[in-house]
Amino acid sequence: VVAVDGNLSVVHQDNVQFDSELPEFGNSMMISQALDLILGKMKNAGFDFSRVKALSGSGQQHGSVYWRKGTNQVLRDLQPGKSLHELLKGGFAVSDSPVWMDSSTTEQCQYLETAVGGAQRVADITGSRAYERFTGNQIAKIYKAQPEKYEDTERISLVSSFAASLFLGSYAAIDYSDGSGMNLMDIFSKQWADSCLEATAPHLEERLGAPVHSSAVLGLLSPYHVTRYGFPEDCKVVAFTGDNPGSLAGMRLQEGDIAVSLGTSDTVFLWIKEPRPTVEGHIFCNPVDRPSYMALICYKNGSLTRERIRNKCAGGSWEVFSSVLRTTPIGNYGNIGIYFDAMEITPSAVGVHRFDKENTKVAGFSAQGEIRALVEGQFLAKRVHAEKLGYKIRTRVLATGGASSNKDILQVLSDVFDAPVYTIDVANSACLGCGYRALQGDLINGIDWLSLPHYHKDEMVFPSPKSNVCTVADLCSNTLAALD
Ligand code: ADP
């Protein structure tokens, strides 16, 4: 939990660790009890609930919760003397709710793509081709494997709208941004797509409820929390969203920005106006600006691959790795490498592939050439995929994650994107972003996100590109050909 004031300054934060504080669970009940716990901790810390004007939140994307028939009434009648956990016992039709790691729905994905007209068609409608973890495919599996549980389900929530329901005291709507991670919503009309609903399960629309925009005020906080914790009666509940959209808000992305997280896996977030969905990467509705979109691209081969090449070519030292980047030329004499140690997500391919300046496949590079080929190749792929999804205007690159502490890696990032790189500290970005969104929903609903006070905080400026634009563009087309 993060509380921000009207100037976006953080005034309170705390957390509940599921593994250590709630080891006995593994399901939706855990989230209800976690909410009891965190609010109790805030109360003990003397947090002044009476000053809360609005709240919002984020939850792990794609996960889903199945409310048993009759539970909406239970939510409406919550008695303040009891914990949410006690009150909601027995309220769920499916106890082992699917989470994002589930990848057991390949059959359902194939069925959806065939029924709707192919992978690209599913992407054109929903922003992504069919993915195993996406909620629609999870629902289809539950319907097929446990039809009686689907029948007993009154409402299906995402983790985000589930948590919102606990505050609202009735089923909360799914927001457009998190709803984009389901393979069920038309991201352009922002309605459930009939063709996808039909391929998933019967009578699904009534179980999902109508989606709403991400800064919609869903209603006032349930009297349960007002009595129990002392929130004001007019405290607003703003739609909750997914953790990735929440992070986009927390990182204060703007149009033209690209955020690159360089962790175990690499992730790219983009803010775009005119998306072009492809079968690689995901397009979601933007959580802070209604007409805009965000794109998300995940790469499995990130830091672990950089570590392997560091060990092989730089004696295991980041220092040596960095000095090679400093002393080798941009463009690597036309040598390009693609290093997929593990089966890559974007694109679905594996293996190491090296090309010289004639675009001829070669067996190896020098140790120095290999290091530069790896880092340039990883960043060129990110730029190529981002541009395929509609990324045009380049303003800033925001870098986070473990490898963002390496200036020489960031210099390559800057050269490839031909834009200045900023490093940002994004601890709790999803949670912080939802504090910002609560303020947006409360104060300036419908007004430009960028007019929020102190939105443009100066971050640490990092390297500017040294390269010449033509060289980088040439490199990109070369990589595109290689990737194809
Ligand atoms: P996670 O995705 O697990 O949260 P982090 O964002 O913490 O990962 O990043 C961890 C990675 O950062 C490590 O795998 C390591 O390879 C990488 N890393 C740490 N320091 C450096 C450095 N100086 N240069 C390049 N990479 C680094």
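Only this structure's heavy atoms are used, side chains among them; waters, hydrogens and symmetry mates stay out. In what follows, residues are counted from 1 in the order of the sequence shown. Just so you know, ligand 1 is whichever comes first in the structure, and atom 1 is the first atom listed for that ligand.
Residue contacts with ligand 1: Ser265 is placed with no nitrogen or oxygen under 3.5 Å of a nitrogen or oxygen of the ligand (distance criterion only).
Here Ser322 has no heavy atoms under 4.0 Å from ligand 1, in either its backbone or its side chain. Residue Ile409 touches ligand 1 through its side chain alone, judged by heavy-atom distances below 4.0 Å.
A side-chain N or O of Arg252 and one of Tyr436 form a donor-acceptor pair less than 3.5 Å apart. Judged purely by distance below 3.5 Å, without hydrogens or angles, the side chains of Glu132 and Asn137 never pair a donor atom with an acceptor atom. Residues Thr126 and Asp186 bring no donor and acceptor atom of their side chains to less than 3.5 Å of each other. Donor-acceptor pairing under 3.5 Å is recorded for the side chains of Asn301 and Glu344. Side chain to side chain, Asp124 and Gln120 meet the donor-acceptor criterion of an N or O pair below 3.5 Å.
Atom NZ of Lys300 has 12 or fewer neighbouring heavy atoms from other residues, nucleotides or ligands inside a 6.0 Å radius. Within a 6.0 Å sphere centred on OH of Tyr111, heavy atoms belonging to other residues, nucleotides or ligands number 12 at most.
For atom 17 (C) of ligand 1, the closest non-hydrogen atom of the protein is Ser303 OG, 3.6 Å. Scanning the protein for heavy atoms near atom 26 (N) of ligand 1, the closest one is Trp318 CZ2, 3.3 Å. Protein heavy atom nearest atom 19 (C) of ligand 1, with residue, atom name and distance: Gly402 O, 3.8 Å. For atom 16 (O) of ligand 1, the nearest protein heavy atom (residue, atom name, distance) is Glu307 OE2, 2.4 Å. The closest protein non-hydrogen atom to atom 4 (O) of ligand 1 is Thr264 OG1, 4.9 Å. Shortest contact from atom 24 (N) of ligand 1 to any protein heavy atom: Asn406 ND2, 3.1 Å.
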Practice prompt. Go through the steps for Lys357 and Tyr333 under the test side chain to side chain contact (heavy atoms under 4.5 Å, CB included), then give the verdict.
Written response: CA-CA 7 Å; Lys357 67 177 188 305; Tyr333 305 107; 5.9 Å; no

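Numbered from 1 in the order shown, with element, the atoms of ligand 1 that lie under 4.0 Å from a heavy atom of Gly263 read 2 (O), 5 (P), 6 (O), 8 (O), 9 (O). Atoms of ligand 1 found under 4.0 Å from any heavy atom of Gly401 (numbered from 1 in listed order, with element): 6 (O).
Residue Arg306 places no heavy atom under 4.0 Å from ligand 1.
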